[in-house]
Amino acid sequence: MIIIYINNWNLVLVCVWRAACGPACNARCRLSSRPNLCKRACGTCCARCNCVPPGTSGNQGVCPCYYNQTTRGGKRKCP
């Protein structure tokens with residue numbers, strides 16, 4: 001189940017139940033050159049944040065938790 005909230009400032013928040021992380025990550029990673037790696041990273045981020053930004057890239061402001069996840073090396077974890 002994917003729930004989309006639109007508040008008074010036209011900010012769209014996308015909340016994803018953990019069971020829906022798979023479809024949300026499939027959509028996010030559909031154009032990736034390394035889809036399996038992308039889906040694995042996206043799934044981890046989705047499970048932690050309960051959201052996945054819309055589209056195949058960008059839109060990080062929609063889900064700050066997802067955007068701010070980093071690896072030990074300081075690189076962005078989530079695609």
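- The side-chain heavy atoms of Cys46 and Cys25, taken from C-beta on, include a pair separated by under 4.5 Å.
- What you find for Cys21 and Ala47 is that their closest heavy atoms are SG-N, 4.0 Å.
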Determine, step by step, whether Cys63 and Cys49 satisfy the disulfide (SG to SG under 2.5 Å) criterion, reporting the C-alpha distance in whole Å, the side-chain angles of both residues, the deciding distance to 0.1 Å, and the verdict. CA-CA 8 Å; Cys63 184; Cys49 300; 5.1 Å; no
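- The nearest pair of heavy atoms linking Pro64 to Gly61 is CD-O, 3.8 Å.
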Donor-acceptor contacts under 3.5 Å from residues 33-40 side chains, at least two apart:
none

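- Taking the side-chain contact (heavy atoms from CB on, under 4.5 Å) definition, one finds that Arg30 meets it with Ala27, Thr56, sequence neighbours left out.
- For Asn59, the side-chain contact (heavy atoms from CB on, under 4.5 Å) partners are Pro53, Pro54, Val62, not counting sequence neighbours.
- In terms of the side-chain hydrogen bond (donor to acceptor under 3.5 Å, both in side chains) criterion, residue partners of Arg76 (sequence neighbours excluded) are, by chain and number, Tyr67.
- Under the 4.5 Å side-chain criterion, counting only non-hydrogen atoms from C-beta, Pro79 is in contact with Cys29.
- Every residue two or more places apart in sequence or in another chain that forms a side-chain contact (heavy atoms from CB on, under 4.5 Å) with Cys78 is listed here: Cys45, Tyr66, Gln69.
- Annotation: side-chain contact (heavy atoms from CB on, under 4.5 Å) contacts of Thr71 (sequence neighbours excluded): Lys75, Lys77.
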